[in-house]
Trainee: 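Structure below; questions to follow.
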2 protein chains.
Amino acid sequence: MVEIQQKRARDAQATRQALLDAAAALFAERGFERATVRDIAARAGVNQALLFRYFGSKKALFGEVLERNGREQLSATAPESLLEAALRGMLLADDGRLGDRSLEAFLRSTGGSDEVAATGRLLGDEYARVLATLSDRQDSQLRADLVLSWLLGIGLMRVVVGKEPLASADPDEICELVLGAARTLLEGLATPVPASGA
Amino acid sequence: MVEIQQKRARDAQATRQALLDAAAALFAERGFERATVRDIAARAGVNQALLFRYFGSKKALFGEVLERNGREQLSATAPESLLEAALRGMLLADDGRLGDRSLEAFLRSTGGSDEVAATGRLLGDEYARVLATLSDRQDSQLRADLVLSWLLGIGLMRVVVGKEPLASADPDEICELVLGAARTLLEGLATPVPASGA
DNA sequence: GCTCTATGTAAGCACGTGCTTACACTTGGA
DNA sequence: TCCAAGTGTAAGCACGTGCTTACATAGAGC
C-alpha cells in the first residue's frame, strides 16, 4: 500500500507541490485573504477540491507555506546577511523571482485576527529575534521591529500600492538607501541617543 | 431649500456625519475591504441602507473620508512637521485618538486594484510630494516614498500584526528612533528638532 | 387634519467565498 | 478480469458581502 510512486500520470505529490508553489506565490502577492482557493488551484492547474483533500483548509495550507519556505530560508541565512536577504527577497518578488516569499506572505496577511496571524507571527518573531542580535542596544528588539516594519511597508508600497517612483526603482538603489539607514538604526551609530551598551 | 437645520429628531446631516466618522475609524483600523458596511453603519448607530442613500457606494464613502480628513490635515500642516505629524497620527491611532487617520486608511486599503487604490493613491502622492520637498537629493522622490513606506509598515505592525515590543512601545521612543533615521535618509533638510511629545 | 417629502427600516437579492459531497476515472495487485 | 484504493471532477451548500427595494414614520407646510 505505502509503496514508492515514481512517476504516475496522476501524481499526488506533484499536485501537492503545485498547490504549495501556487499558494506561496499568491499569498505573497495578495496576502492570505485576497488569495482565494479557486485562484490558487487555478494557478496550480488542479481542481480546487484537491486543495482541501491535501491540506484540509486554506489556513493549514498557509501554515505549510510559511513553514516550508520561511523556516528553511531563515535558518540557512547568516544573521548579518538576513536583513539584506529579506529586503532583496521583498524587492524581487514581483519580477517572477521566487525567492523567500514567506516573509512577504506573512507580512501581507496581517488582516486576520485569528490563528492565521498567529501562525505568521511566529515567523515574524523569528525574523525579529535574529535581526535583534545585530544590535547591542537595550532596545534592540524595538529597533529590529522597526526595521522589519520598513521591509513590510516597502513591499506593500511597491507591489500592492504600486507607488511611483518606488515601484519601478532599481532594487540595488533601494537596498543602498534602506540598508544604510537600517544598519545605522540597528547599530545606533548615528542616532543621538547615548550609547547604552556599545 | 438650503436652510439652517438646527436640531431635528431625524437629522440627515448628523447621520451623514456619524457615518463619515465611523467609516474613518473603521477604514483606518481595518482597511477598506475588512471594514464592512454593516459594521460601519452599526458603529454609526444607523441603518446600513442609509450609507447607500447618502454616499451611493462604499467606495464613494471611502473617497469622501479621504477627501474630508486627509486633504485638510495635509494642507494645514507645514512640510517640516508633516513627517512627525503623520508618524504620530499613525502611532496614536489605536489609542482612541482620532487624528489624521486618512493616511492610515489609505495605506491600510491597498488591496483593491481598482479605483479604491487609485483614490487613495492621490492622497499618498501628495504626502510623498510634500515629503520630497524636504530633500534636495535628486532621488528625493524615492527617499520620500521609502519614508512613507516606513510609516505604513509601522502602522501595520503595531495595530494589525500587533507585533511586540513594537505594538506596546512608547510613541515618543518610536518617534525618536524613526525620525532620526528618516531625517538622515532625507538629509539636507532644515528641520527644527521637535520636542518629543510631552 | 391632511399631504408630501425627507428620513429611517426590514427584508432580500446577486455574487463571491471557503468548504463538502457525490461521483468518475486511473492504476496496481489478485 | 475484477476489485479496491488513489486521484481528479462537477455541483452545490452555507455564509458573508455590497447593494436594492418596498415600506413605515416623522415633520413641515398648507
Side-chain angles (χ1 to χ4, degrees), chain A residues 1-20 22-23 26-27 29-65 109 111-117 119, chain B residues 1-20 22-23 26-27 29-65 109 111-117 119:
Chain A
M1 214 172 285
V2 189
E3 295 295 295
I4 300 178
Q5 46 252 39
Q6 290 288 20
K7 188 71 193 325
R8 298 172 302 181
R10 327 181 107 197
D11 190 338
Q13 289 298 327
T15 299
R16 252 189 76 102
Q17 193 60 38
L19 280 169
L20 273 174
L26 275 174
F27 282 144
E29 286 173 16
R30 308 182 192 173
F32 179 78
E33 303 211 317
R34 293 184 56 85
T36 73
V37 294
R38 284 173 174 81
D39 285 345
I40 292 172
R43 178 172 296 199
V46 308
N47 191 286
Q48 55 108 12
L50 296 179
L51 187 153
F52 297 94
R53 163 129 59 208
Y54 292 133
F55 299 96
S57 73
K58 187 187 177 187
K59 289 177 184 175
L61 172 61
F62 182 71
E64 203 149 331
V65 165
S109 305
S113 57
D114 44 7
E115 67 248 53
V116 173
T119 305
Chain B
M1 203 69 72
V2 189
E3 295 294 296
I4 300 178
Q5 46 251 34
Q6 291 288 22
K7 190 68 192 330
R8 296 174 302 179
R10 325 181 109 195
D11 191 339
Q13 288 299 327
T15 298
R16 254 189 75 103
Q17 192 61 37
L19 280 169
L20 274 174
L26 276 174
F27 283 145
E29 286 172 16
R30 308 183 193 172
F32 179 79
E33 302 210 319
R34 294 184 56 84
T36 73
V37 294
R38 285 174 174 80
D39 285 345
I40 292 172
R43 178 172 295 200
V46 308
N47 190 287
Q48 55 108 12
L50 296 180
L51 187 154
F52 298 95
R53 164 132 54 208
Y54 292 133
F55 299 97
S57 72
K58 187 187 178 187
K59 288 177 185 174
L61 172 60
F62 182 71
E64 204 150 328
V65 165
S109 305
S113 57
D114 45 8
E115 67 249 50
V116 173
T119 304

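Values in this document were obtained by computation on a predicted structure and should not be read as measured data. So you know, we letter chains A, B, ... as the sequences are listed, proteins then strands, and number each from 1.
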Trainee: Measuring from L26(A):CG to F62(A):CZ, what's the distance to the nearest 0.5 Å?
Mentor: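 Those atoms lie 12.5 Å apart.
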Trainee: Looking only at side-chain atoms of F52(A), point me to the closest of dC19(C), dG12(C), dT7(D).
Mentor: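 Of the candidates, dC19(C) comes closest.
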Trainee: Rounded to whole Å, how long is the line connecting atom CG of L19(A) with atom P of dT9(D)?
Mentor: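 Checked: the CG to P distance equals 11 Å.
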Trainee: To the nearest Å, give me how far apart CZ (R34(B)) and C1' (dG18(D)) are.
Mentor: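 Answer to the nearest Å: 16 Å.
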Trainee: Could you check whether F55(B) gets within reach of a base, just the sugar-phosphate, or nothing at all, counting any heavy atom under 4.0 Å?
Mentor: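 It contacts nothing in the nucleic acid.
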Trainee: Select one nucleotide: of dG8(C), dT20(C), dT20(D), the one nearest the side-chain heavy atoms of L50(B).
Mentor: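 From the listed options, dG8(C) comes nearest.
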Trainee: Just how far, in rounded Å, is P of dG18(D) from CD1 of I40(B)?
Mentor: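 Taking atom P of dG18(D) as the reference, CD1 of I40(B) is at 8 Å.
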Trainee: When rounded to the nearest 0.5 angstrom, what distance separates CZ in R38(B) from CD in Q48(B)?
Mentor: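 If I round to the nearest 0.5 Å, the distance is 5.0 Å.
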Trainee: Under 4.0 Å between a side-chain N or O of Y54(A) and OP1 or OP2 of dG8(D)?
Mentor: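 Yes, within the criterion.
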Trainee: Rounding to a whole Å, what distance do you find between R53(A):CZ and dC23(C):C1'?
Mentor: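 Value for this atom pair: 11 Å.
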Trainee: Base, sugar-phosphate alone, or nothing: which one does A35(B) contact when heavy atoms must sit under 4.0 Å apart?
Mentor: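 The residue A35(B) makes sugar-phosphate contact but no base contact.
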Trainee: Rounded to whole angstrom units, what separation is found between the CD atom of Q48(A) and the P atom of dT20(C)?
Mentor: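 Distance, rounded to whole Å: 11 Å.
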Trainee: In terms of the nearest nucleotide of DNA chain C, which residue is placed more toward the 5' end: T36(A) or N47(A)?
Mentor: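 In this pair, the answer is T36(A).
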Trainee: Name the closest nucleotide to the K58(B) side chain, picking from dG12(D), dG12(C), dG18(D).
Mentor: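 Comparing dG12(D), dG12(C), dG18(D) against the side chain of K58(B), the answer is dG18(D).
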Trainee: dT7(C) C1' sits how many Å from D11(B) CG, rounded?
Mentor: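 The distance from CG of D11(B) to C1' of dT7(C) comes to 10 Å, rounded to the nearest Å.
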Trainee: For a side chain to side chain contact (heavy atoms under 4.5 Å, CB included) check, start with the C-alpha distance between V37(A) and L61(A), then their side-chain angles and the critical distance, and finish with the verdict.
Mentor: CA-CA 10 Å; V37(A) 294; L61(A) 172 61; over 6 Å; no
Trainee: Nearest 0.5 Å, please: how far is OH in Y54(A) from CG in L19(A)?
Mentor: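 One gets 8.5 Å once the value is rounded to the nearest 0.5 Å.
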Trainee: What nucleotide among dG8(D), dT21(C), dT20(D) has an atom nearest to a side-chain atom of T15(A)?
Mentor: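 Of the candidates, dG8(D) comes closest.
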Trainee: Donor-acceptor check, side chain of K58(A) to backbone of F32(A), threshold 3.5 angstrom: yes or no?
Mentor: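 A pair under 3.5 Å: yes.
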Trainee: Any idea which of dA10(C), dT20(C), dG18(D) is nearest the V37(B) side chain?
Mentor: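 In terms of side-chain proximity for V37(B), the closest of dA10(C), dT20(C), dG18(D) is dG18(D).
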Trainee: To the nearest Å, give me how far apart CG (D39(B)) and P (dG18(D)) are.
Mentor: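 After rounding, the gap between these two atoms is 8 Å.
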Trainee: Rounded off to whole Å, could you give me the CG-to-C1' distance for the L61(B) and dG18(D) pair?
Mentor: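 Atom CG in L61(B) sits about 12 Å away from atom C1' in dG18(D).
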Trainee: Which part of the nucleic acid, if any, lies within contact of A60(B), taking any heavy atom under 4.0 Å across all strands shown: a base, the sugar-phosphate backbone alone, or nothing?
Mentor: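 If one applies the 4.0 Å heavy-atom cut-off, A60(B) turns out to touch nothing in the nucleic acid.
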Trainee: Confirm from the modelled atom types if R38(A) and dG16(C) form a donor-acceptor pair under 3.5 Å, side chain to base only.
Mentor: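 It does not, because no donor-acceptor pair links the side chain of R38(A) to the base of dG16(C) below 3.5 Å.
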